[in-house]
Structures are given as C-alpha cells and as structure tokens.
S.K.: 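A single structure is presented below for examination.
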Amino acid sequence: MHVCFIGDSLVLGTHDPEFCGWPGRLAAMALAVTDKELNVYNLGIRANRTNDILERWPTETARRLPQDQDCRLVFSFGGADASRPEGYPRVDAATSVSNARLIMQAAQAQYPVLWIGPTPMHKPEHNQGTAALNQGYARLARELDISYLDVFTPLSASHVYLEELQAGDGAHPGATGYRLIAELVAGWDAWRAWLR
C-alpha cells in the first residue's frame, strides 16, 4: 500500500527533534498491526496554504504512486491558512473551505482518501480561526462522504500538547506532541480499516 501524506508543516513535522512528524510515527505504529507492505511519502511543506496544496498535490502524487497498485492519500491542512502573521488569516475561511472542496473532490475521484483536521496553536486568536476551519472542513467532509478526523478538539484539551506548543514557537509541538497526533490517527476506525 502506497500512502501519500499531504499538507503543511504539521505533516512535515517541523520542530520534531526526531524528524519523523506524526506520519512517520503512524507508519511505524501500523507495522505492528498489519501485514501489508507500506510505502509512505511525506509531502508536507512548511507554510503551505490550501491554495498551494491545491496546485501541487496532483503532480506530486502522480510522480510517486504506481497506477497499477494500491495507492491512497491522507490530507491534513488548515493551520497555515488560519495563521495570522499580519494580524488577519493568510487565507479567509470561505476561501479555505472552497479550496478544500476542489482538493477533496479531485482526490477522491482518483484514490481512497482520508482527511485529518488542523491542530490547535498556542495563540487564542489563531485558535478561533482554526476552530472555525475545523468545523467547516468537517461539514464539507460529511457532504463529500470523506472520513474526517477532528484532532483539534482533543489536542486543545491536552495539557501535554499545549505545553509543548508554549515551549516552542506556538504552532508546532515537539516529539511528544507529534506522537499524540499519531496515536489519535492510529486509533481512528477509518485508518484502521485501511490496514486490514
């Protein structure tokens, strides 16, 4: 099974001292519960907004996924859209959801797809926008019949995750935080079904 993980810096694993991010940890966890051979591609790019992902995902996945084999996509994005370096979101919520619709409709027409929501940040003004995106993405996923995992809510309640954000740059956790994300995905029924 060939799996591409596509998204922004949280997919890439920015500030992970072990350079695995959550996709690498998730893949390692998967090996303990499946006999399938996994080929995992991390296609996270730091600061990538939904418009960036919309533009690049088709060619980047096509170069990696054999047409005659079991190929799948996992998307996770939104943090770069909701970030506010200039005091306002880099991509407004309506545009972000519109971009997500284009991404997901095209992706699900070609491959099995899973969608993991954005993660919380340390700054309340960022989290307000991220929470709104999480809700908008979840509604769109239901409309498109794509499995969606809300990680924003449980991570927002995790003292360990929030402490790592505060100790770092406010947006990216350390190794423990990335492991927490991987554990949430590993326990998700939609992901587990892929491993059977």
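All of these numbers come straight from a predicted model, not from anything done at the bench.
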S.K.: So do the side chains of Q108 and L144 get within less than 4.5 Å of each other, counting heavy atoms only?
M.R.: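 Result yes, sub-4.5 Å side-chain heavy-atom pair found.
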
S.K.: The criterion is side-chain contact (heavy atoms from CB on, under 4.5 Å); which residues satisfy it with D16, sequence neighbours excluded?
M.R.: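 Partners of D16 under the side-chain contact (heavy atoms from CB on, under 4.5 Å) test: E18, C20, R25, A175, Y178.
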
S.K.: Can you name the nearest heavy-atom pair linking Y148 to I116, along with the distance?
M.R.: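 Heavy-atom minimum between the residues: CE1-C, 4.4 Å.
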
S.K.: Under a plain distance cut-off of 3.5 Å, with no hydrogens placed, do S9 and H172 share a side-chain donor-acceptor pair?
M.R.: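 Indeed, the side chains of H172 and S9 share at least one donor-acceptor pair under 3.5 Å.
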
S.K.: Where do P23 and N42 come nearest, in terms of heavy atoms and distance?
M.R.: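 P23 and N42 have their closest heavy atoms at CG-ND2, 4.0 Å.
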
S.K.: Between R56 and N48, do the side chains contain a donor N or O and an acceptor N or O under 3.5 Å apart?
M.R.: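 N48 vs R56: donor-acceptor pair found between side chains.
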
S.K.: Do you see a donor-acceptor pair shorter than 3.5 Å between the side chains of Y137 and S96?
M.R.: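 There is such a pair (donor and acceptor under 3.5 Å, judged by atom type) between the side chains of Y137 and S96.
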
S.K.: For T130 and N127, test the side chains for any donor-to-acceptor distance below 3.5 angstrom and give the result as yes or no.
M.R.: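 There is no such pair between these side chains.
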
S.K.: Name all pairs fulfilling the side chain to side chain donor-acceptor pair (under 3.5 Å) condition that reach into residues 112-124, sequence neighbours left out, sorted by first residue then second.
M.R.: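 Pairs touching residues 112-124 that pass the test: none.
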
S.K.: Which residue pairs pass the salt bridge (charged side-chain N to carboxylate O under 4.0 Å, His left out) test when at least one of the two sits in residues 26-36, sequence neighbours left out?
M.R.: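 Listed once each, the pairs would be none.
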
S.K.: Is the CD atom of Q105 crowded by more than 12 outside heavy atoms at less than 6.0 Å?
M.R.: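 Count over threshold, so yes.
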
S.K.: Tell me whether the guanidinium CZ or amine NZ of R179 lies under 6.0 angstrom from the six-membered ring centre of W22 and within 45° of its axis.
M.R.: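 No cation-pi geometry.
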
S.K.: Quick one: CZ on R139 to CG on N134, what's the gap to the nearest 0.5 Å?
M.R.: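 If I round to the nearest 0.5 Å, the distance is 10.0 Å.
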
